[in-house]
Amino acid sequence: MKPLSKEFYEQKTLVLAESLLGKLLVKETNEGTTAGRIVETEAYRGPMDQAAHSFQNKRTKRTEVMFGPSGYAYTYVMHTHCLFNVVSAEEGFPEAVLVRAVEPYAGRELMFERRGKHHKESNLTSGPGKLTKAMGISMEDYGSSLNSGKLFIADGPKPQAVSTGPRVGIPNSGDAKAYPWRFWERSNRFVSK
DNA sequence: AAGGCGATTTTCT
DNA sequence: GAAAATCGCCTTG
C-alpha cells in the first residue's frame with residue numbers, strides 16, 4: 001500500500017469527499033498497522049459554511065491547519081473523542097473532509113483490542129470517534145502530511161453505489177444543516193447511520 | 001429503537 | 001468562568 005499522490009488532494013472539496021470513498025486509511029503504530037476502507041465522508045467548506053469550524057474564516061490554533069495546503073491531517077477533540085479530517089482546497093482556503101466511517105480492512109484484531117472485545121464487528125469503526133480509537137489516530141497526528149509518514153491514504157476497492165444527503169450532528173448551523181454534503185457507500189453496514 | 005447523559009477541550013466573554 | 005461541541009455509551013422498554 002502506498003500513499004496517494006499530492007494531486008489527488010487538489011480536487012474540489014465536494015469531489016474529493018466523494019473520491020475518498022473506497023480509499024484505504026492506513027495508520028502504523030508500535031502496536032501494529034491498521035487499515036480501514038473509507039465508506040462515509042462529509043465536506044466542510046470554510047467561510048461560507050456555517051457548520052465548518054472555519055466559518056467566516058475563523059482562524060484559531062485549532063483551525064490553523066485548515067488554512068494550509070491540502071493533503072494534511074486535521075484532528076481535533078470533541079467530548080471524549082478525536083475526529084479525523086483531510087484538509088482540502090489550496091492554501092488560504094480553509095476546507096476539509098471529515099471521515100465518518102471506515103470498514104475494517106487490515107489489523108482487525110488490534111481494532112478489537114483498542115475498542116473492546118465485546119463489540120460486534122459492525123460497531124468497531126462505524127462512526128467518526130469510533131474509527132479514530134480503533135486505528136489509534138490522535139492529536140499527535142494533527143498537521144501531519146498524508147503523503148508520507150505513519151498516517152496516509154492509499155488506493156482501494158472502488159465503492160459500489162454512492163448516496164448523498166445532509167450532514168450529521170450540526171443542528172445549530174442554519175441553512176447549512178440541509179446541504180447534501182455527506183457521501184456514503186449505499187448499504188454498507190459500517191456507515192454510521 | 002430511542003432517549004438521556006457523561007466528561008473534556010476550545011473558544012468566547 | 002461558562003457555554004457549546006462534526007459523539008458514543010448505557011439504560012430502558
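Hydrogens, waters and symmetry mates are skipped; everything else that's a heavy atom, side chains included, is used. In what follows, every chain begins at residue 1, and chains take the letters A, B, ... in the order their sequences are listed.
Applying the 5.5 angstrom centroid cut-off and the 30 degree plane-angle cut-off, the aromatic ring of His79(A) is stacked upon the base of dC7(C).
Relative to the six-membered ring of Tyr179(A), Arg167(A) misses at least one condition, a distance below 6.0 Å or an angle of at most 45° to the axis. Cation-pi contact between Arg62(A) and Tyr76(A): present, with separation from the ring centre below 6.0 Å and deviation from the ring axis of at most 45°.
For the P atoms, the distance from dG6(B) to dA3(C) is 16 Å, rounded to whole Å.
Between Arg114(A) and Glu109(A) there is no salt bridge, since no side-chain nitrogen of the basic residue lies less than 4.0 Å from a carboxylate oxygen of the acidic one.
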N/O to N/O distances under 3.5 Å, protein versus nucleotides 10-13 of chain B:
from: dT11(B); atom 1: OP1; to: Thr60(A); atom 2: OG1; distance (Å): 2.2
from: dT11(B); atom 1: OP1; to: Arg62(A); atom 2: N; distance (Å): 3.3

Check nucleotides 11-13 of chain C against the protein and report each pair of N or O atoms closer than 3.5 Å, with its distance, or say if there are none.
none

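At dT9(B), none of the side-chain N or O atoms of Tyr76(A) fall inside 4.0 Å of OP1 or OP2 (strictly under the cut-off). At dA5(C), one or more side-chain N or O atoms of Asn172(A) fall inside 4.0 Å of OP1 or OP2 (strictly under the cut-off). OP1 or OP2 of dT6(C) has not a single side-chain nitrogen or oxygen of Arg182(A) nearer than 4.0 Å.
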For Watson-Crick and G-U wobble pairs within 3.5 Å on both distances, what is DNA chain B written in dot-bracket notation, | included for inter-strand pairing? ||||||.|||||.
Show, in sequence, the C-alpha distance, side-chain angles and deciding distance for Glu40(A) and Lys193(A), and conclude whether the salt bridge (Lys or Arg N to Asp or Glu O under 4.0 Å) test is met. CA-CA 10 Å; Glu40(A) 181 181 357; Lys193(A) 285 188 180 168; over 6 Å; no
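Here dT6(C) is the nucleotide among dT6(C), dC7(C), dC9(C) with the atom lying nearest to any side-chain atom of His53(A).
Between Ile170(A) atom CD1 and dA5(C) atom P there is a gap of 11 Å when expressed in whole angstrom units. In this entry the distance linking CG of Asn123(A) with P of dC7(C) reads 15 Å, nearest Å. Between Met78(A) atom CE and dC5(B) atom C1' there is a gap of 14 Å when expressed in whole angstrom units. We find that NE2 of His81(A) is positioned 13 Å from P of dT6(C), with the value rounded to whole Å.
Contact between Thr13(A) and Tyr44(A) at its shortest, heavy atoms only, is CG2-O, 4.3 Å. Residues Gly127(A) and Ser192(A) come closest through the heavy atom pair CA-CB, 4.2 Å. Here the closest non-hydrogen pair linking Val65(A) and Gly143(A) is CG2-CA, 3.8 Å.
Between Lys133(A) and Leu131(A) the shortest side-chain heavy-atom distance does not fall below 4.5 Å.
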